[in-house]
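Here's the structure, in structure tokens; my notes come after.
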Amino acid sequence: MMTPARKFSFSHNILPSHFYDYETTAVAQALLGKLLVHETSAGIVAGRIVETEAYLADDPACHAHGGKKTPRTEVMFGAPGTAYIYLIYGMHNCFNVVTGVEGVGEAVLIRALEPVCGIELMQVWRKQTAPHNLCSGPGKLVYAMGITRALNALSLMEPPLYLAEPVAPPGKFNVVTTTRIGISKGADLPLRFYIKDSLFISRK
DNA sequence: GTGATGATTTAA
DNA sequence: TAAATCATCACT
């Protein structure tokens, strides 16, 4: 008789609150190699973060630049380690990790993941099969992970959506720094970070 | 109320 | 290269 698939989760490896006790650019780099996990009713999906962008309080590309607090940006001023999810271009959503000191509006955009877990689910939700095309963009990974705006403002330190240490010992990797993608203001700032030679980033 | 804008993706 | 598509925000 077949052994039933073991129920598992990554929740015992959740990144603790002190992970966020650093400036946003440092957290953006430290998030590379970590896991983003979503425990859904359909199953667990997870990916290794391979590309991020920092959005800072004094940064013209940041939704909350200059301390601009609106109904939308309010979560960016909340506790670090919460989710900031917003609609972009009327049809996709972007997923961010709120960072920085509470009361200051900063966040890290997750731009790409390497699929780790629940790839079949990702393929269904993305209507794509190629692994390198499942999570290689901020809008794409939101679909692949089953993330919706219902998760906006929720803590990333507990299920169903959370950040975790990878299970296997992290291999050594190099980080590349470039300017950010798809913005007009603040376009020259070196605030995009990705894992060198990753096949899963949104673009070189 | 109205209009400009946008941290994207996809297909042609 | 262009179209799709709509929440958000400032207010010519």
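Chain A is the first sequence line, chain B the second, and so forth, proteins listed ahead of strands; every chain is numbered from 1. All figures in this text were calculated on a predicted structure; none of them were measured in a lab.
Think of the region where chain A sits on DNA chain B: with heavy atoms and a 4.0 Å cut, that region ends 5' and 3' at dG6(B) to dT10(B).
Spacing between atom OH of Tyr86(A) and atom C1' of dT8(C) amounts to 12 Å, rounded to whole angstrom units. Spacing between atom CD1 of Ile85(A) and atom P of dT8(C) amounts to 13 Å, rounded to whole angstrom units. Taking atom CD1 of Ile88(A) as the reference point, atom P of dA3(C) lies 19 Å away to the nearest angstrom.
Rounding to the nearest 0.5 angstrom, the gap separating the SG atom in Cys62(A) from the CG atom in Leu109(A) is 11.0 Å. Interatomic distance, CD of Gln29(A) versus CG of Leu191(A), reported as 9.5 Å (0.5 Å rounding). With rounding to the nearest 0.5 Å, the separation of CG in Leu32(A) from CZ in Phe173(A) is 5.5 Å.
No donor-acceptor distance shorter than 3.5 angstrom exists from the side chain of Gln128(A) to the backbone of Leu134(A), with no hydrogens or angles considered.
Shortest non-hydrogen contact noted between Ser202(A) and Arg111(A) is OG-NH2, 3.2 Å. Residue Arg192(A) comes nearest to Ile201(A) through the heavy atom pair NH2-CD1, 4.5 Å, listed as atom of the first residue, atom of the second, then distance. The two residues His65(A) and Pro60(A) have their closest heavy-atom pair at CD2-O, 3.9 Å.
Relative to the ring axis of Phe200(A), Arg48(A) does not place its NZ or CZ within 45° and under 6.0 Å from the centre.
As judged by a 4.0 angstrom heavy-atom cut-off over every strand, Arg203(A) is placed among residues making no nucleic acid contact. Among the atoms of the strands shown, none is found under 4.0 Å from any heavy atom of Lys127(A). Arg180(A) comes within 4.0 angstrom of nothing in the nucleic acid, heavy atoms only.
Looking at which nucleotide of DNA chain C each of Arg149(A) and His92(A) is closest to, the 5′-most match is held by His92(A). Comparing Gly139(A) and Lys185(A) by the nucleotide of DNA chain B that holds the closest heavy atom to each, the one mapping nearer the 5' end is Lys185(A).
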Exercise for the section: Report the secondary structure of DNA chain C in dot-bracket form, marking unpaired bases with a dot and bases paired to a different strand with |, and treating Watson-Crick or G-U pairs with both distances under 3.5 Å as paired. Expected result: ||||.||||||.

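Each of Phe77(A), Tyr86(A), Tyr55(A) was checked for a ring-ring contact (aromatic ring centres under 6.0 Å, His included) with His63(A), and the lone residue meeting it is Tyr86(A).
Considering only the side chain of Leu87(A), dC6(C) comes nearest among dC6(C), dT5(C), dC9(C).
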